There are 2 protein chains.
Amino acid sequence: MNISEKITFTDASPDDRSLAIREALRNAIIDRRLAPGTKLSESEVGSLFDVSRTVARAALQMLTFEGLVKTERNRGAFVSNPSPEEAKQIFASRRLIEPGIVAAAVERIMPAEIEQFRRQLDEEARYMNERGPAARRGEIKASGDFHLMLASVAGNVILQKFMDELVARSSLVIALYGRSGVSSCGHSEHSAILDALEKADGARAAALMVHHIDHIEADLDLQLKQGLGLRDALEMP
Amino acid sequence: MNISEKITFTDASPDDRSLAIREALRNAIIDRRLAPGTKLSESEVGSLFDVSRTVARAALQMLTFEGLVKTERNRGAFVSNPSPEEAKQIFASRRLIEPGIVAAAVERIMPAEIEQFRRQLDEEARYMNERGPAARRGEIKASGDFHLMLASVAGNVILQKFMDELVARSSLVIALYGRSGVSSCGHSEHSAILDALEKADGARAAALMVHHIDHIEADLDLQLKQGLGLRDALEMP
DNA sequence: TGCTTCCAGATTGCATACGATTTGACCAAA
DNA sequence: TTTGGTCAAATCGTATGCAATCTGGAAGCA
């Protein structure tokens with residue numbers, strides 16, 4: 001395992017260390033530092049973060065709930081290896097939820113937040129112009145953060161949680177099935193959405209969002225993709 | 001605590017007992033046998049189900065993730081006491097998701113499933129005509145099950161999980177803020193939705209669903225409601 | 001060689017032990 | 001009566017130990 005970002009526990013999180021571990025693993029997964037299928041053994045995670053198996057286990061359980069990790073009884077936890085079917089469902093869910101989110105965001109967004117979005121887009125652009133895997137990771141992360149910021153502005157905590165899950169799982173899917181790594185048109189589309197937001201044009205923003213999701217999904221190669229996991233293949237009648 | 005429905009572990013669930021406990025507690029909560037605010041101590045839950053705190057804790061953690069239980073550090077777990085604000089967000093989420101679910105269900109529903117829905121509606125009607133708290137509980141449960149069946153037919157596992165959470169939390173909200181207990185018009189509206197489904201009229205089914213959700217929410221009294229919990233009141237700036 | 005059997009190592013599932021934190025009661029003082 | 005302080009009981013957070021299960025490879029047999 002290769003989790004460089006060691007956590008200083010006493011620092012940011014005086015309590016609930018399992019939550020911090022969950023966050024660290026989450027970041028590692030959506031950053032692709034942990035590849036799908038990687039085994040996450042309780043003792044290994046525990047010793048990496050200097051905690052007992054108990055708390056490592058709690059973190060893994062949380063990730064399992066989010067769908068980022070799959071656990072098999074008596075075998076352990078593995079980074080999820082979403083099937084094409086799963087991928088389609090993830091994007092179907094997003095197509096359903098995100099237009100509503102931008103519509104809500106239009107009603108509530110404040111000038112200061114628009115400014116924040118602009119800065120976010122600048123960061124996206126910076127990563128886009130850089131080369132190398134680190135920049136790619138940064139780009140994926142930043143792109144996801146755009147959607148999460150929207151959810152945050154929309155002001156519905158429940159939808160925000162759903163989006164947290166959907167965006168994270170999308171990152172996994174893109175890592176697995178992405179043709180070009182990141183759809184390069186993503187940035188300009190984000191930009192267009194923000195423009196519509198600024199003009200308080202909810203209908204347009206929602207429509208743009210649907211197209212945006214379509215484009216992301218269109219950049220995937222969801223045709224059975226040789227692998228399929230072999231184990232999953234047999235479980236699928 | 002008053003959980004009559006003792007589980008026979010070795011029976012239905014050879015594995016993962018925490019999952020069974022979660023299910024039992026879930027049912028107790030959405031059936032209102034466990035009132036909002038009730039403390040769910042780890043040791044108590046554990047001894048009730050004849051398991052150690054470890055597995056009881058896991059069950060409570062799952063329920064916390066679903067929003068049915070709130071845990072405070074070093075204090076324990078309590079049945080959620082959703083605020084009016086939370087309630088509004090729950091229904092806003094449902095208004096966003098459920099129309100899409102019925103639309104998807106229209107595309108995939110099979111005759112056998114329609115038959116199943118009819119039986120479900122019959123059961124709803126039976127409870128509706130009975131009197132007494134047990135019938136009320138049955139009615140709430142059956143009414144929620146209708147929505148869950150729809151999600152199941154829609155065939156999107158992720159949305160199904162979201163709906164699981166939303167329906168369960170809705171039950172809690174109705175228990176807390178429901179004016180008439182159950183909106184009596186619910187049954188006929190379910191019936192109308194099913195008719196539209198049968199005629200494969202997706203647009204109409206979706207529209208009916210939105211109205212249905214509106215009606216459920218309209219039956220709630222979400223005006224601050226005296227209580228507010230005192231503790232929550234201070235945490236809310 | 002190829003196939004089956006069996007055992008050792010590793011890992012999880014679960015229970016329990018111990019320290020830390022909170023709570024509520026009791027008692028004293030104003 | 002009310003306020004404030006101290007302490008014991010209860011409960012949670014976490015580590016660890018043991019049994020059950022799975023895996024992989026070595027040995028045995030055809």
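A, B, ... follow the sequence lines: proteins, then strands. Residue 1 opens every chain. Heavy-atom basis, side chains included; hydrogens, waters and symmetry copies ignored. Fair warning: this is a prediction, and the values are worked out from it, not measured in the lab.
Mapping B/Glu42 and A/Ser52 onto DNA chain D by nearest heavy atom places B/Glu42 at the nucleotide closer to the 5' end.
Atom CD of A/Glu44 is separated from atom P of C/dT11 by 8 Å (rounded to the nearest Å). Regarding A/Asp16, its CG atom lies at a distance of 8 Å from the P atom of D/dG13, rounded to whole Å. Between the CD atom of A/Glu72 and the P atom of C/dG13 there is a distance of 11 Å, given to the nearest Å. Remark: C1' of C/dG13 and CZ of A/Arg73 are 6 Å apart, rounded to the nearest angstrom. One interatomic measurement links the two molecules: CZ of A/Arg53 to P of C/dA17, which rounds to 18 Å at whole-angstrom precision. Spacing between atom CG of A/Leu40 and atom P of C/dA10 amounts to 20 Å, rounded to whole angstrom units. Distance, B/Gln61 CD to C/dG13 C1': 15 Å, rounded to whole Å. Atom NZ in B/Lys39 sits about 9 Å away from atom P in C/dT23, given to the nearest Å.
Counting only N and O atoms by type, the side chains of B/Gln89 and B/Glu85 include a donor and acceptor under 3.5 Å apart. Residues A/Arg169 and A/Ser80 have side chains that never bring a donor and an acceptor to within less than 3.5 angstrom of each other.
A sub-4.0 Å separation between OP1 or OP2 of D/dC12 and a side-chain N or O of B/Arg75 is absent. Of the side-chain N and O atoms in B/Thr54, none sit less than 4.0 angstrom from OP1 or OP2 of C/dC14. At the phosphate of C/dA15, OP1 or OP2 sits under 4.0 Å from a side-chain N or O atom of B/Arg17.
With respect to the salt-bridge test (charged N to carboxylate O, under 4.0 angstrom), the residues A/Arg119 and A/Glu113 do not qualify.
B/Phe146 and B/Phe117 have perpendicular rings, their planes meeting at more than 60° on a 0 to 90° scale where under 30° would count as parallel.
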